[in-house]
Amino acid sequence: MLLNAAELEALRGGLIVSAQAYPGEPMRTPQTMAQVAASAEIGGAVAVRVQGTADIQFTRSAVQVPVIGLFKDGHDGVFITPTIHHALAVAQAGAHIVALDGTRRARPDGKTLAETIEAVHERSAALVMADCGSLDDALAAAEAGADLIGTTLAGYTGEREKTDGPDIQLLEQIVASTLGLPLIAEGRIHTPAQARSALDAGAFAVVVGTAITHPASITGWFDAALRA
Ligand SMILES: CC(=O)N[C@H](C=O)[C@@H](O)[C@H](O)[C@H](O)COP(=O)(O)O
């Protein structure tokens, strides 16, 4: 494994920073995303999360902390590392943890989540983070062999309301189900207080993306407040 048990345990209680620029945006270059990730590491990030094989490669060279990699293909349905092909490409690029769609929806290559996770485990040394959208997803992903569970897709799959901040209720439900896997709170965590509340709800670690690494969104929040 690229990440042994002690190294995984070192992420407990920590902040994971997701650095992603979207198609057509000025910061969408692998060098820039690696620089943003390295800046987050200086600030205390215990791990980083980046999208795309080039970003993963550049970021691996730019930071010491573990890299969670994903490969987005499209923007609706199953689009976060949707197939075995995408998952192996993420692992090949050097991700310590492959983040992939961990929902119960049909995957574009017709493979099951269990088959996809098994392929990553058999053909790489990476762990698998299942990006889930509900408690039932989390239970199914644990059953399918995921190493970590994320709430990344809560509010984006129709099963959960899109809460203003983190979906604390979902975190509590997953914790109460005693899956026994590290639970990563991710999605719409916009303030330090919200990050704290996700941890207090029982998350193992907390991912923050937009509020730290997406200047266009952050600028928009301030602009909207000034115009209100
Ligand atoms: C739903 C989806 O596509 N989530 C993506 C997953 O990698 C990213 O666009 C998010 O920025 C990331 O999950 C972090 O969340 P937030 O940016 O809300 O802190």
Side-chain angles (χ1 to χ4, degrees), residues 11 14-25 27-28 30 32-33 36-37 40 43 45-56 59 66-82 86-87 89-90 93 95-103 105 107-108 128-134 137-138 141 146 148-168 170-171 183-199 201 203-221:
L11 307 188
L15 176 65
I16 300 168
V17 172
S18 171
Q20 295 182 39
Y22 300 102
E25 291 187 337
M27 285 170 61
R28 193 174 163 96
T32 303
M33 287 299 102
V36 171
V46 297
V48 294
R49 177 171 159 123
V50 292
Q51 189 287 132
T53 53
D55 291 32
I56 294 164
T59 301
V67 173
I68 302 174
L70 64 147
F71 185 162
K72 281 185 180 171
D73 198 345
H75 41 73
D76 48 31
V78 176
F79 67 92
I80 296 181
T81 323
H86 292 87
V90 167
H96 297 84
I97 299 174
V98 175
L100 45 75
D101 184 292
T103 69
R105 298 174 295 186
R107 313 177 78 81
V128 173
M129 172 175 172
D131 288 346
C132 297
S134 67
D137 281 350
L148 305 98
I149 300 291
T151 58
T152 318
L153 288 168
Y156 302 104
T157 63
E159 285 200 276
R160 300 287 306 172
E161 183 198 331
K162 193 172 180 184
T163 47
D164 252 352
D167 189 338
I168 296 292
L170 175 61
L171 287 168
L183 172 61
I184 312 294
E186 175 167 353
R188 303 180 303 284
I189 297 170
H190 290 168
T191 67
Q194 288 174 344
R196 181 73 242 177
S197 66
L199 213 55
F204 173 83
V206 176
V207 174
V208 175
T210 307
I212 293 178
T213 63
H214 200 253
S217 295
I218 303 163
T219 304
W221 298 341

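Since we're looking at a predicted model, the values are computed, not measured. Ligands are counted one by one from 1 in listed order, and the atoms in each one are counted from 1 as well. Start at 1 with the first residue, then count along the sequence. Any value given below was found using the heavy atoms of this structure, including those in side chains, with hydrogens, waters and symmetry copies removed.
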Quick check on contacts: which atoms of ligand 1 are under 4.0 angstrom from a heavy atom of Tyr156? 1 (C)
Closest protein heavy atom to atom 5 (C) of ligand 1, given as residue, atom name and distance to 0.1 Å: Lys72 NZ, 3.5 Å
Taking Arg160 first and then Asp137, would you say they form a salt bridge - that is, a charged N and a carboxylate O separated by under 4.0 Å? no
Closest approach of any protein heavy atom to atom 11 (O) of ligand 1, naming residue and atom: Tyr22 OH, 3.3 Å
For Arg28, is there any backbone N or O sitting under 3.5 Å from a side-chain donor or acceptor partner on Thr32? no
Please check this pair: side chain of Glu25 against backbone of Ala21, looking for a donor-acceptor N/O pair closer than 3.5 Å. no
If you define the side chain from C-beta out and look only at heavy atoms, does anything of Tyr22 sit under 4.5 Å from His75? no
Proximity winner for atom 2 (C) of ligand 1, if only heavy atoms of Ile16, Val206, Ile80 are counted: Ile80
Tell me the contacting part of His214 for ligand 1: side chain, backbone, both, or neither, using a 4.0 Å heavy-atom threshold, strictly below. neither
Heavy-atom nearest neighbour of atom 7 (O) of ligand 1 within options Gln51, Lys162, Gln194, Gln20: Gln20
In Å, rounded to the nearest 0.5 Å, how long is the span from CD1 of Ile168 to OG1 of Thr163? 8.0 Å
Among all protein heavy atoms in this structure, tell me which lies nearest to atom 12 (C) of ligand 1, with the distance rounded to 0.1 Å. Glu186 OE2, 3.1 Å
With backbone taken as N, CA, C and O and side chain as the heavy atoms from C-beta onward, which portion of Asp131 lies under 4.0 Å from ligand 1: side chain, backbone, both, or neither? neither
What residue and atom, counting heavy atoms only, is the protein's closest point to atom 18 (O) of ligand 1, and at what distance? Arg188 N, 2.7 Å
Shortest protein contact, atom 17 (O) of ligand 1 (heavy atom only): Thr210 OG1, 2.4 Å
Any donor and acceptor pair, going by atom type alone, linking the side chain of Arg49 with main-chain N or O of Ile68 inside 3.5 Å? no
Where the side chain of Arg188 meets the backbone of Ala154, is there a donor-acceptor pair that is under 3.5 Å apart? yes
Starting from atom 4 (N) of ligand 1, what is the nearest protein heavy atom, named by residue and atom, and what distance separates them? Thr152 CG2, 4.0 Å
Is the count of non-hydrogen atoms from other residues, nucleotides or ligands lying under 6.0 Å from Glu161 atom CD greater than 12? no
In the protein, what heavy atom is nearest to atom 3 (O) of ligand 1, and what distance, to one decimal place, separates them? Phe79 CZ, 3.4 Å
Is Ala211 in contact with ligand 1, taking contact as a heavy-atom separation below 4.0 Å? no
Note: ligand 1 atoms sitting under 4.0 Å from heavy atoms of Leu70 are 7 (O)
Does any N/O atom on Val207 come nearer than 3.5 Å to any N/O atom on ligand 1? no
Gln51 side chain to Lys72 main-chain N or O, any donor-acceptor pair under 3.5 Å? yes
Using a 3.5 Å distance criterion without hydrogens, assess whether the side chain of Thr151 forms a donor-acceptor pair with backbone atoms of Glu186. yes
Which protein non-hydrogen atom lies closest to atom 6 (C) of ligand 1, naming both residue and atom, and how far is it? Arg49 NH2, 3.3 Å
